[in-house]
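For reference, positions follow the sequence shown, starting with 1.
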Amino acid sequence: MIEPRKPERTGDDTPAPSLWRYVWRMSGVHQLWVSLLAVVVAALNMLPIELQRRLVDDAISDGKLDLLLKLAAAYATVLILHGLCKYLLRLYQGWLSESSIRYNRLHLSQLHEDNESERAHEEDGKVVSIIGTEIDKLGGFVGECMSQPVVNSAMLIFGLGYMLSQAPLVAAIGLAALIPQVLLVPVVQKRINVLIARRVNTMRRVGDDLTHLPHKDTDLEETELPDRIDILYRNRMVTFVLKFGMKAIINFLNGVTPLIVLIVGGYMVIEGQTTIGIVVAFISGFDRLSDPMREMLSYYRVAAQANVQHKMIARWMK
């Protein structure tokens, strides 16, 4: 049984002044250790790119069976080490997140109990929403707050650095397909953040409505509950249009990058300016870069949502 971590106690019940102070209060120096493990995962994830190039150019092309077997063994070893380290990273992140969620639920439950007589059950539905769904999302951000951007940034740096050193032109052309993603996400996410805040506020009111429903003989249509549910529906559909539209554009850009590498890299191979091993390694490399790029964009969305959630819970605590 893995025991939950006990977050730092500040001596008072006031909320952390910012999301990042909240994360540090919940996890402390563990953020540094989990980030260090994330760098190891990133390095092991990019190492197979060079091994693939050597397998094609040095072993297969030259017909060296001994070298082929040695490189294949090294490749398998790297895959095993990467899988093990990634498993430990996810476990570490999960432990920090769930420890924070456990602490927050106990802490906020105690605050509500202390203030229950003053609020006279007026916010019971809101409290259920906060201690249930909302704190789950906020606490879940603690585990990946630093390590997630570290591991994905390191993968991008290692991967792009390697490719730029081997074939700068091919790497630069492929990199151009990643830039629109970086420009697109902040614009769309700003709109999504507004929708999230509205949805959370509406959901809290729905919780209050359900907790304090009128007498069972009262027609539900006479309450504000149906209107609030309709608002939630429209809110979610607009969010879907923005989120899935953004994902469709990103997937297209990620899919067209290998085609660019094949065209440009193939031309350079025909002209004798590079090797087929470089092209194979670059196709694999950009495929590996698409995952951390998606993760970085996803992290941006999660961090923005967690920030909205933290501000709303902090206001409730005051």
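Expressed to the nearest 0.5 Å, how far CD of Q148 lies from CG of L89 amounts to 7.5 Å. The structure places SG of C85 at 13.0 Å from CZ of R90, a figure rounded to the nearest 0.5 Å. A distance of 8.5 Å separates CG of L160 from CE of M46, quoted to the nearest 0.5 Å. One finds the OG1 atom of T77 at 6.5 Å from the CG atom of L81 (value rounded to the nearest 0.5 Å).
Among residue pairs with one or both ends in residues 43-94, those qualifying as ring pair (Phe, Tyr, Trp, His ring centres under 6.0 Å) are H30-Y92; sequence neighbours excluded. Applying the ring pair (Phe, Tyr, Trp, His ring centres under 6.0 Å) rule to pairs touching residues 224-243 yields F240-F244, sequence neighbours excluded. The list of salt bridge (charged side-chain N to carboxylate O under 4.0 Å, His left out) pairs with a residue in residues 30-59, not counting sequence neighbours, reads E50-R53, R53-D57, R54-D58.
For Y162, the ring pair (Phe, Tyr, Trp, His ring centres under 6.0 Å) test picks out no residue, with sequence neighbours left out. Partners of N235 according to the side-chain hydrogen bond (donor to acceptor under 3.5 Å, both in side chains) rule, which considers only residues two or more places apart in sequence or in another chain, are R199. Under the rule for a ring pair (Phe, Tyr, Trp, His ring centres under 6.0 Å), the partners of Y22 that lie at least two apart in sequence or sit in another chain are H310.
Taking the side chain as every heavy atom from C-beta outward, L44 and K86 never approach each other to under 4.5 Å. By the 4.5 Å heavy-atom criterion applied to side chains, W20 and C145 are counted as neighbours. The shortest side-chain heavy-atom distance between V23 and Q31 falls under the 4.5 Å cut-off.
For the side-chain contact (heavy atoms from CB on, under 4.5 Å) test with L138, the passing option among D136, I135, V142 is I135; the others fail.
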Side chain to side chain contact (heavy atoms under 4.5 Å, CB included) evaluation trace for V302 with E144 | CA-CA 10 Å; V302 171; E144 61 181 27; 3.5 Å; yes
Assess whether side chain to side chain contact (heavy atoms under 4.5 Å, CB included) is satisfied between L55 and L68, documenting all intermediate values.
-> CA-CA 6 Å; L55 277 166; L68 175 64; 3.5 Å; yes
Derivation of the side chain to side chain contact (heavy atoms under 4.5 Å, CB included) call for L242 and L195 | CA-CA 11 Å; L242 294 173; L195 294 171; 4.0 Å; yes
Evaluate side chain to side chain contact (heavy atoms under 4.5 Å, CB included) for K243 paired with V188, printing each intermediate quantity in order.
-> CA-CA 8 Å; K243 184 170 72 172; V188 178; over 6 Å; no
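With 3.5 Å as the limit, one finds a donor-acceptor pair spanning the side chains of Q93 and S147.
Listed for the S61 side chain is a donor-acceptor partner under 3.5 Å among the backbone atoms of V56.
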